[in-house]
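Note that the structure is a prediction, hence the values are computed from the model and not measured.
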Amino acid sequence: MQVSKLSTLTLAVAAAVALSACGKKEEAAPAAGASAPAQASAGGDVIKIGFAAPLTGPQSHYGEEYKNGVTLAIEDANAAKPTIAGKPVTFELNAQDDQADPKTATQLAQKFVDEKVAGIIGHFNSGTAIPASKIYSDAGIPMIAMATSPVFTSQGFKNTFRSMTSDTQQGSVMGKFAVEKLHAKKIVIVDDRTAYGQGLADEFEKAARASGGDVVKREFTNDKATDFTAILTSIKGANPDVVFYGGADAQSAPMVKQMKRLGLKAPLISGEMTKTPTFLQLAGKEADGTIASLAGLPLEQMPGGKDYETRYKARFKADVATYSPYGYDATRALIQAMEQANSADPKAYLPVLAKITHQGVTSSNWTYDDKGDLKDGGITVYKVQNGQWTVMETVGGGAAAKDASAAK
């Protein structure tokens with residue numbers, strides 16, 4: 001993106017502003033990628049919150065919906081006219097496109113550090129969040145990522161937190177579910193070799209084997225592939241009961257279509273990056289029978305789900321897909337920690353965030369363990385029937401999830 005030339009004086013002013021995480025409100029238009037803040041009160045400070053996710057390319061639908069949730073959270077926080085240390089403040093979102101690329105993610109991470117943002121929501125992918133987390137950790141900046149790889153919070157950093165349950169939880173639930181509920185004996189696993197896809201597949205395999213399943217084949221592809229004919233032809237010869245795929249909908253959709261075309265009768269099982277409206281659109285009628293997991297409760301059963309859905313549709317003229325409620329809760333938890341600490345200084349509010357108890361949209365008890373994983377994370381299993389995702393079972397997630405399961 002081209003950036004217009006600035007005068008020497010303007011550059012000097014911009015540099016001075018970037019030295020503070022809570023700089024004075026700027027009169028100039030926001031930089032590319034940044035959303036304009038709400039009008040601050042006279043003399044109020046701007047608290048900058050960084051956001052990074054894929055906003056272009058085949059995963060942009062994930063990033064855009066995720067960003068919408070963060071945007072709504074910041075708008076709600078600003079509407080309450082917040083104050084910190086006795087002064088009115090305005091929260092400002094600086095949203096950047098990391099293209100789901102680790103190198104771009106680390107460059108953006110250093111940019112956010114240099115600009116002294118107060119906190120980070122993101123990154124979306126495990127493969128971007130993990131390398132970026134070291135840069136944020138060195139700078140002492142808290143980050144709440146959507147990343148689900150177990151590696152993300154097992155590095156020993158004090159600044160890393162999740163928005164969703166980890167692959168350990170999702171993979172374990174789905175591996176056991178495949179064997180005990182779907183009665184699968186012969187299992188084939190395919191992953192896209194990303195930190196997310198491979199990590200989810202690894203956890204699925206562990207749980208499936210522990211439950212008595214036989215993993216007869218383990219194949220891999222990449223997150224750019226669309227032709228799986230060779231892999232699926234090999235898989236067909238193994239005559240599996242289920243095929244598990246660790247990866248995104250840009251691959252799982254053509255994969256399930258090719259499975260049906262080749263006469264593979266085994267259902268495709270996958271994770272939350274497949275449980276999307278985009279998968280249904282791309283896979284068409286061949287989507288039916290696909291099974292996927294997603295963290296937490298279905299939207300209509302979330303503590304604040306119905307109200308959130310109404311407000312989201314009114315604001316963005318679109319349906320809630322998958323990630324935005326978690327982005328919303330992560331942002332509100334980050335802001336709540338600043339307000340409780342009465343400071344936007346990461347050193348002051350990071351310990352508060354680590355012990356936060358937040359009543360959110362997705363959970364009435366948003367809290368973290370000592371690694372930064374959510375304590376109260378449940379998993380819901382969905383199946384495509386007649387072109388729509390339908391709930392099969394909810395596992396874990398506290399009393400609300402148990403009640404939801406019992407009600408079925």
(request) For residues A145 and A129, report the shortest heavy-atom separation together with the two atoms involved. (result) CB-CB, 4.1 Å

(request) Taking the side chain as every heavy atom from C-beta outward, state whether K103 and Q107 have any atom pair closer than 4.5 Å. (result) yes

(request) Show your working on side-chain hydrogen bond (donor to acceptor under 3.5 Å, both in side chains) between T276 and D249 and close with a plain yes or no. (result) CA-CA 7 Å; T276 65; D249 53 18; 2.7 Å; yes

(request) Take K383 and T290 through the test side-chain contact (heavy atoms from CB on, under 4.5 Å) and record every step on the way to the result. (result) CA-CA 6 Å; K383 184 177 182 179; T290 300; over 6 Å; no

(request) May I have the step-by-step check of side-chain contact (heavy atoms from CB on, under 4.5 Å) for Q96 and F112, ending in yes or no? (result) CA-CA 10 Å; Q96 299 292 335; F112 283 137; 3.5 Å; yes

(message) Tell me every residue that passes side-chain contact (heavy atoms from CB on, under 4.5 Å) with L282, counting only those two or more places apart in sequence or in another chain.
(response) A253, T278

(request) For residues Y245 and D191, determine if any side-chain heavy atom of one lies less than 4.5 Å from a side-chain heavy atom of the other. (result) no

(request) Keeping the roles fixed (side chain from S137, backbone from S133), state whether a donor-acceptor pair exists under 3.5 Å. (result) no

(request) Given side-chain hydrogen bond (donor to acceptor under 3.5 Å, both in side chains), test S343 with D345 step by step and report yes or no. (result) CA-CA 5 Å; S343 174; D345 182 344; 5.0 Å; no

(message) Check for me whether the distance between the ring centres of Y326 and Y66 falls short of 6.0 Å.
(response) no

(request) With the side chain counted from C-beta on, respond yes when L200 and F244 share a heavy-atom pair under 4.5 Å apart, and no when they do not. (result) yes

(message) Please evaluate residues T148 and T165 with respect to the criterion side-chain contact (heavy atoms from CB on, under 4.5 Å), reporting the C-alpha separation (whole Å), side-chain torsions for both, the decisive distance (0.1 Å), and the verdict.
(response) CA-CA 6 Å; T148 57; T165 54; over 6 Å; no

(request) Keeping the roles fixed (side chain from S211, backbone from G213), state whether a donor-acceptor pair exists under 3.5 Å. (result) no

(message) Treating D241 as the side-chain partner and K186 as the backbone partner, does any N or O pair qualify as donor plus acceptor under 3.5 Å?
(response) yes

(message) The criterion is ring-ring contact (aromatic ring centres under 6.0 Å, His included); which residues satisfy it with Y136, sequence neighbours excluded?
(response) H123

(message) Please check: side-chain N/O of S154 versus main-chain N/O of V151, any donor-acceptor pairing under 3.5 Å?
(response) yes

(message) Could you check whether E64 pairs with K67 (Lys NZ or Arg NE/NH1/NH2 to Asp/Glu carboxylate O, under 4.0 Å)?
(response) yes

(message) So that I can tick it off, tell me whether E300 and K306 are bridged by a salt bridge, with the cut-off set at under 4.0 angstrom between side-chain N and carboxylate O.
(response) no

(request) For Y349, enumerate each residue passing the ring-ring contact (aromatic ring centres under 6.0 Å, His included) test, keeping only those at least two apart in sequence or located in another chain. (result) none

(message) Regarding R315 and D76, does a basic nitrogen lie under 4.0 Å from an acidic carboxylate oxygen?
(response) no

(message) Using a 3.5 Å distance criterion without hydrogens, assess whether the side chain of K116 forms a donor-acceptor pair with backbone atoms of V113.
(response) no

(message) Quick check on F220: does its CZ atom have over 12 non-hydrogen neighbours (other residues, nucleotides or ligands) under 6.0 Å away?
(response) no

(request) Kindly write out the residues that satisfy ring-ring contact (aromatic ring centres under 6.0 Å, His included) with F279, not counting sequence neighbours, or none if the list is empty. (result) W389

(request) Answer with yes or no whether the side chains of S324 and N68 bring together a donor and an acceptor at under 3.5 Å. (result) no

(request) Check whether more than 12 heavy atoms from other residues, nucleotides or ligands sit under 6.0 Å from atom CD of Q340, and answer yes or no. (result) yes

(request) Ignoring hydrogens and angles, tell me if any N or O in the side chain of T274 forms a donor-acceptor pair with the backbone of S270 under 3.5 Å. (result) no

(message) I'd like to check M164 versus L294 (side-chain heavy atoms, cut-off strictly below 4.5 Å). Are they in contact?
(response) yes

(request) Write down the atom of I141, the atom of G119, and the distance for their closest heavy-atom approach. (result) CG2-CA, 3.8 Å

(request) Report yes if the side chains of L264 and L232 come closer than 4.5 Å at any heavy-atom pair, otherwise no. (result) yes

(request) Using the six-membered ring wherever Trp is involved, compare the ring planes of F316 and Y312 and label them parallel, tilted or perpendicular (cut-offs 30° and 60°). (result) tilted

(message) Give me the atom names and distance for the closest heavy-atom approach of V188 to P240.
(response) CG2-CB, 3.6 Å

(request) Flag the pair D329 / H358 as yes when at least one side-chain heavy-atom distance between them is below 4.5 Å, and no otherwise. (result) yes

(message) If only side-chain N and O atoms count, and only distance matters, is there a donor-acceptor pair under 3.5 Å linking S126 with S149?
(response) no

(message) Please determine whether a side-chain nitrogen of the Lys or Arg among K181 and E393 lies less than 4.0 Å from a carboxylate oxygen of the Asp or Glu.
(response) yes

(request) Check for a donor-acceptor pair, side chain of D98 on one end and backbone N or O of D101 on the other, with a separation under 3.5 Å. (result) no

(request) Check the pair V190, M255 against side-chain contact (heavy atoms from CB on, under 4.5 Å), reporting the backbone distance first and the verdict last. (result) CA-CA 10 Å; V190 185; M255 182 179 291; 4.2 Å; yes

(request) Give the intermediate values and the outcome of side-chain hydrogen bond (donor to acceptor under 3.5 Å, both in side chains) for residues T229 and D227. (result) CA-CA 6 Å; T229 305; D227 183 357; 2.7 Å; yes

(message) Main chain of N386, side chain of D288: is a donor-acceptor contact present, judged purely on distance under 3.5 Å?
(response) yes

(request) Would you please test T226 and Q251 for side-chain hydrogen bond (donor to acceptor under 3.5 Å, both in side chains) and show each step? (result) CA-CA 6 Å; T226 55; Q251 284 67 51; over 6 Å; no

(message) Less than 4.0 angstrom from a charged side-chain N to a carboxylate O is my criterion; do D223 and R193 meet it?
(response) no

(request) Could you pull out the closest heavy-atom pair between T380 and L297, with the gap in Å? (result) OG1-CA, 3.7 Å

(message) Rounded at 0.5 Å granularity, tell me how far CZ in F152 sits from OG1 in T128.
(response) 9.5 Å

(request) Indicate whether any N or O donor in one side chain lies under 3.5 Å from an N or O acceptor in the other, for Q170 and E272. (result) yes

(message) In the structure I gave you, are the side-chain heavy atoms of K355 and Y368 within less than 4.5 Å of one another anywhere?
(response) no

(request) Quickly, which of D369, D373, T160 forms a side-chain hydrogen bond (donor to acceptor under 3.5 Å, both in side chains) with T153? Name it, please. (result) D373

(request) Could you check if a side-chain atom of L280 sits within less than 4.5 angstrom of a side-chain atom of V384, using non-hydrogen atoms only? (result) yes

(message) If you compare all heavy atoms of P150 against all heavy atoms of E203, which two are closest, and at what distance to 0.1 Å?
(response) CG-OE2, 4.2 Å

(message) Looking only at the side chains, is there a donor atom on one of D97 and T56 sitting less than 3.5 Å from an acceptor on the other?
(response) yes

(request) Salt-bridge test for D202 and K206: reply yes if a basic N is under 4.0 Å from a carboxylate O, no otherwise. (result) no

(request) Go through the side-chain N and O atoms of E92 and N94 and say whether any donor and acceptor fall under 3.5 Å apart. (result) no

(message) Does this structure show an ion pair linking D214 with K185, if we count only N-O contacts that are shorter than 4.0 Å?
(response) no

(message) Under the rule for ring-ring contact (aromatic ring centres under 6.0 Å, His included), what residues qualify as partners of Y62, not counting sequence neighbours?
(response) F124, Y323

(request) Could you pull out all residues at least two apart from E286 that satisfy side-chain contact (heavy atoms from CB on, under 4.5 Å)? (result) K257, K260

(message) Restricting to non-hydrogen atoms, name the atom on V117 and the atom on G50 that form the minimum distance, rounded to 0.1 Å.
(response) CB-N, 4.1 Å

